[in-house]
Amino acid sequence: MTKQTIELEQQAFHNFLPRSEGEGKTEQDVLVEKNGLSSLVPGKKCINASAFTPTEVSRIVDLRSDTVTQPTALMRAAMAEALVADDILGSDPTAALLQERTAKMFGKEAGLFVPSGTMGNLIAVLVHCEVRGSEVILGSESHIHYYEQGGISTLGGVYSHVVPNESDGTMDLRKVETAIRPDDDHFASTRLICIENTHNRCGGRCISVEYTDKMGKLAKSYNIKFHIDGARIFNAAVALGVSVERLCQAADSVSICLSKGLGAPVGSVLVGSHEFITKAKRLRKALGGGMRQLGVVCAPGLVCLDHMVQRLDCDHRNARLLAEGLNKMAGLRVDLNSVDTNIVFIDVGSESSLGVEEISEALKRKGVLVMMMDRTRIRLVTHYHITEDDALRVLTCFKACCLHPVFLQLSVY
Ligand code: TLP
């Protein structure tokens, strides 16, 4: 996909005006035709798949997460023309290709498509900790610990040993080493260490190659496995200017999300050794994640690998633009050093005239959607639908909300 095509995709999303079936051409129709894909993607089906209803505003800047990204026209076309087969009775060719290509990119032996990042992490932990009474070392702010319902415990009997995350997303290596249990009947056996890169709750921070290597070395020296929750690993690789293969060299397994900044509608790929993936595949089936004509959902993943990685840099630039602008506003504070990638955390200070909830509501009325993290923090996540102009518009909206509460009454930007 060329830069121009990506810009067109962004425009198609932004200029989209809901309309009834059969009415005129949309930008997406035009885009599809431009790409010579009209025979593959019926234009109206694309449009009907939109999340918007005709009663909503025509232009929404959705910064709640990069999970809100709509599949591109190329992804929809790839889905329509994907070669498929029953992946449980045999092997779906498109899924096989995605799994093989992802594994190769990460320098691992094999890959497995799973429906979500949560399932990818769950399977990884359960495979590495297959003996009941195992313990995993997790960061206190990690997605596995914080947002996955404790599934590793309820479904796998795995005990979590939580080590505090530093503000940069790492865990102090000495604290991790101290957390490793000695071989003693009093203790569960430590079998796994997990890190997260980029680190979501620490603000999209990148974990460096050096740190990852050190953690891998530590794990190895105690004969412990090492997993990376790489939901946004491509963001980290692009920001650090390093290949994903090098960044994840020390890991035994990595879970990579296709449905975040890369824009696929669904899915993650788990990579690791042949032995690990064979066990992971059995577990995926037990969890109800075995899928039949899987190629239809894997096809966008191939588009992600080919076209959506290098452009992540643009999301990082827009995040910085937002962060710098917001940090200048009274009552708001952004730790600029923490903005490594596409996530911005805003601290709403007590001197702000409005609280987090009121700011979010006021922004919503202006067509800007954000995520409340807690009572004092708002999260913004940039992605491929967000342009530089959107970022500037968001800054104007924040300014209106925070500096002039009277603007709150106005719903038109
Ligand atoms: N994160 C979501 C929410 O669950 C918070 C988001 O909007 O950021 N690992 C990491 C680091 C993640 O950020 C997420 C999703 C997952 C795993 C889970 O992925 P899915 O949603 O595919 O299960």
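The analysis underlying the following values was restricted to heavy atoms, covering all of them including side chains, and did not include hydrogens, waters or symmetry mates. Numbering of ligands and ligand atoms starts at 1, following listing order. Note that the structure is a prediction, hence the values are computed from the model and not measured.
The closest side-chain heavy-atom distance from D87 to M291 is not below 4.5 Å. The shortest side-chain heavy-atom distance between L89 and R292 falls under the 4.5 Å cut-off. Side-chain contact between L258 and P300: absent, with no pair of heavy atoms (C-beta onward) separated by less than 4.5 Å.
The 12-atom threshold is exceeded at CD of E109, counting heavy atoms of other residues, nucleotides or ligands nearer than 6.0 Å. Other residues, nucleotides and ligands contribute at most 12 non-hydrogen atoms within 6.0 Å of the OH atom of Y146.
A side-chain donor-acceptor contact under 3.5 Å links Y384 to the backbone of Q70.
Considering backbone and side-chain N/O atoms, N200 comes within less than 3.5 Å of an N/O atom of ligand 1. Considering backbone and side-chain N/O of T67, none are found under 3.5 Å from N/O of ligand 1. Checked by distance only, ligand 1 and G117 come closer than 3.5 Å through their nitrogen or oxygen atoms. Looking at ligand 1, you won't find any N or O of S268 less than 3.5 Å from one of its N or O atoms. At least one N or O atom of R232, backbone or side chain, sits closer than 3.5 Å to an N or O atom of ligand 1.
Counting heavy atoms only, D229 comes closest to atom 9 (N) of ligand 1 of the residues D229, V266, N121.
Here is the list of ligand 1 atoms found below 4.0 Å of a heavy atom in T118: 18 (C), 19 (O), 20 (P), 23 (O). Residue S116 approaches ligand 1 through these ligand atoms, each under 4.0 Å from one of its heavy atoms: 22 (O), 23 (O). Residue A231 approaches ligand 1 through these ligand atoms, each under 4.0 Å from one of its heavy atoms: 9 (N), 10 (C), 11 (C), 12 (C).
Residues R232 and S65 share a closest heavy-atom pair of NH2-OG, 4.0 Å. Taking both residues in full, the closest heavy atoms of I207 and E196 are given as CG1-O, 3.3 Å, listed atom of the first, atom of the second, then distance.
With a 4.0 Å heavy-atom cut-off, ligand 1 is reached by no atom of M371. Of all the heavy atoms of R379, the ones lying under 4.0 Å from any atom of ligand 1 belong exclusively to the side chain. Here S65 has side-chain heavy atoms under 4.0 Å from ligand 1, and that is the only part of it that gets that close. Under 4.0 Å from ligand 1, the heavy atoms of E148 that appear belong solely to its side chain.
Looking from atom 19 (O) of ligand 1 to the surrounding protein, the closest heavy atom is K260 NZ, 3.1 Å. H143 NE2, 3.2 Å is the protein heavy atom nearest to atom 1 (N) of ligand 1. Scanning the protein for heavy atoms near atom 11 (C) of ligand 1, the closest one is E196 OE2, 3.3 Å.
Checked against the 6.0 Å centroid criterion, the rings of F226 and H128 do not qualify as a close aromatic pair.
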